[in-house]
Undergrad: 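Pasting in a structure now, in structure tokens, and then I'll have a few things to ask.
Below, read A as the first sequence line, B as the second, and so on, with proteins coming before strands; counting in each chain starts at 1. Computation of the quantities below employed the complete heavy-atom set of this structure, encompassing side-chain atoms and omitting hydrogens, waters and symmetry-equivalent molecules. Note that the structure is a prediction, hence the values are computed from the model and not measured.
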There are 2 protein chains.
Amino acid sequence: MNIGEVAERSGIPTKTIRYYEDIGFLRPKRNENGYRIFEDTELHKLIFIGRARSLGFNIEECRALLALYDDKERGSSDVKLIAKQHVQEIERKITDLIAMRDTLTHLIDACAGDHRPDCPILDNLSDVKTN
Amino acid sequence: MNIGEVAERSGIPTKTIRYYEDIGFLRPKRNENGYRIFEDTELHKLIFIGRARSLGFNIEECRALLALYDDKERGSSDVKLIAKQHVQEIERKITDLIAMRDTLTHLIDACAGDHRPDCPILDNLSDVKTN
DNA sequence: TCTTGACCTTCCAGTGACTGGAAGCATTAG
DNA sequence: CTAATGCTTCCAGTCACTGGAAGGTCAAGA
């Protein structure tokens, strides 16, 4: 497979695939004209990385997951720990977003047609104590 | 207030506060020695921005939210529209994050978490068919 | 008074994770 | 044969910071 086909099949742009090679995620062979040739294992790795990224894992976390993926002797508890930490972070974000949505919704309702200079809701939004 | 105190009270690093000034979020006065002097309104603005940023709004979105925050005529329909679009975006993000969390949680539950190498998390991430 | 250290200033460079573009070979379709 | 597409490398830019250098300011202590 050339890089274009791998990009199509993995959903990862060619630029990004080359970048992933740069940072050591893959090391595809080259043929005589210098083109990268990808094996199925490399395609699978890219799909793996793409999915991990879409789940919000950053590059270093992906590297750790890839190492575990490659390591035949790995224990699954290592993987589970990484995933659990990530779920905690996601849940914190969800909580924050719900709070922000509720605040903004109140803001929209309460500020509609209100031309007074001081809005208590805005004051509350930026109040340190409600942080 | 000097920048250090504002940083402490807003939770935003001094570097970032100066950056926010660069991009026009604030325009703190200076005293004779050149130090920035911050009013309470600027502190509140920073807390507001910090919260919006922590929820994934980018700088331009923050600028729009700040306009809502700053706008003495708020209640006008265009400002309200901006806020509503932001609420929609927040809801989309919440949905995405919940999907992410559910996927990960499901995988964690299915993962033994012991020293054995079989791990459903990695299996799922590397399974081409579930792409 | 001098000095030490914390705090402030500006400017420039680097980060992460790409992304875009230029310049130049290789391959393929018409 | 030519044009279009695809591949290569390299360099630069993006966003939102973040770190460091070099230097000015200020309050406290010997």
Undergrad: Enumerate the residues from residues 15-22 of chain A whose closest heavy atom to DNA chain C is under 4.0 Å, giving them by residue number; use none for an empty result.
TA: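 Heavy-atom contacts with DNA chain C come from A/Lys15, A/Thr16, A/Tyr19, A/Tyr20.
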Undergrad: What residues form a salt bridge (charged side-chain N to carboxylate O under 4.0 Å, His left out) with A/Arg92, not counting sequence neighbours?
TA: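 Checked A/Arg92 against salt bridge (charged side-chain N to carboxylate O under 4.0 Å, His left out); matches are A/Asp96.
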Undergrad: Taking DNA chain D as the partner, which of residues 28-37 of chain A come within under 4.0 angstrom of it by heavy atom?
TA: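 Output list: A/Arg30, A/Gly34, A/Tyr35, A/Arg36.
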Undergrad: What is the separation between atom CD1 on A/Ile3 and atom P on D/dG6, rounded to the nearest whole Å?
TA: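 So the two atoms are 13 Å apart, to the nearest Å.
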Undergrad: Once you round it to whole Å, what is the distance between C1' of D/dG6 and CE of A/Met1?
TA: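 In whole Å, D/dG6 C1' and A/Met1 CE are 17 Å from each other.
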Undergrad: Taking B/Ser10 for the side chain and B/Val6 for the main chain, is one N or O donor matched with an acceptor at less than 3.5 Å?
TA: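 The answer is yes, because a donor-acceptor pair under 3.5 Å joins these two groups.
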Undergrad: Could you state the CG-C1' distance from A/Asn2 to D/dT8, rounded to the nearest angstrom?
TA: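 Nearest whole value for this atom pair: 12 Å.
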Undergrad: Output the rounded distance in Å from CD (B/Glu5) to C1' (C/dC7).
TA: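 So the CD-C1' distance, B/Glu5 to C/dC7, works out to 13 Å.
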Undergrad: Please enumerate all protein N or O atoms sitting under 3.5 Å from an N or O of nucleotides 1-3 of chain D, with distances to 0.1 Å.
TA:
none

Undergrad: With sequence neighbours excluded, what pairs up with A/Thr41 under the side-chain contact (heavy atoms from CB on, under 4.5 Å) test?
TA: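 Residues passing side-chain contact (heavy atoms from CB on, under 4.5 Å) with A/Thr41: A/Glu39.
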Undergrad: Provide a list of protein-nucleic acid N or O atom pairs under 3.5 angstrom, restricted to nucleotides 2-5 of chain C.
TA:
none

Undergrad: Of all heavy-atom pairs between B/Ile49 and B/Phe25, which one has the smallest distance, and what is that distance?
TA: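 For B/Ile49 and B/Phe25, the tightest heavy-atom pair comes out as CD1-CD2, 3.4 Å.
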Undergrad: Please enumerate all residues that pass side-chain contact (heavy atoms from CB on, under 4.5 Å) together with A/Lys84, with sequence neighbours excluded.
TA: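 Testing A/Lys84 for side-chain contact (heavy atoms from CB on, under 4.5 Å), a comparison that skips the adjacent residues, returns A/Lys80, B/Ile108.
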Undergrad: Looking at residues at least two apart in the chain, or sitting in another chain, which of them share a side-chain contact (heavy atoms from CB on, under 4.5 Å) with B/Thr95?
TA: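 Scan of B/Thr95 (side-chain contact (heavy atoms from CB on, under 4.5 Å), adjacent residues dropped) gives none.
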Undergrad: Among all residues two or more places apart in sequence or in another chain, which pass the salt bridge (charged side-chain N to carboxylate O under 4.0 Å, His left out) test with B/Glu60?
TA: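 Counting only residues at least two positions away or on another chain, B/Glu60 forms a salt bridge (charged side-chain N to carboxylate O under 4.0 Å, His left out) with B/Arg63.
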Undergrad: Starting at atom CG of A/Asn58, determine the distance to atom P of D/dC15, rounded to an integer number of angstrom.
TA: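 The answer, rounded to whole Å, is 21 Å.
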Undergrad: In terms of the angle between their ring planes, are A/Phe57 and A/His86 parallel, tilted or perpendicular, with boundaries placed at 30° and 60°?
TA: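 A/Phe57 and A/His86: parallel rings.
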Undergrad: List in chain and number order the residues that pass side-chain hydrogen bond (donor to acceptor under 3.5 Å, both in side chains) with B/Arg36, two or more places apart in sequence or in another chain; answer none if no residue qualifies.
TA: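 Residues passing side-chain hydrogen bond (donor to acceptor under 3.5 Å, both in side chains) with B/Arg36: B/Glu21.
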Undergrad: When rounded to the nearest 0.5 angstrom, what distance separates CG in A/Leu65 from CZ in A/Phe48?
TA: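 Nearest 0.5 Å value for the CG-CZ distance: 5.0 Å.
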Undergrad: Can you name the salt bridge (charged side-chain N to carboxylate O under 4.0 Å, His left out) partners of A/Glu8, sequence neighbours left out?
TA: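 Expected list: none.
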Undergrad: Are the side chain of A/Asn2 and the backbone of A/Glu5 linked by a donor-acceptor contact shorter than 3.5 Å?
TA: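 A pair under 3.5 Å: no.
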Undergrad: Going by side-chain contact (heavy atoms from CB on, under 4.5 Å), name the residues that satisfy it together with B/Asp22, two or more places apart in sequence or in a different chain.
TA: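 For B/Asp22 there are no side-chain contact (heavy atoms from CB on, under 4.5 Å) partners, ignoring immediate neighbours.
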Undergrad: In whole angstrom, give the distance that lies between atom CD of A/Glu8 and atom C1' of D/dG6.
TA: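 Atom-to-atom, A/Glu8 to D/dG6, this comes out as 13 Å.
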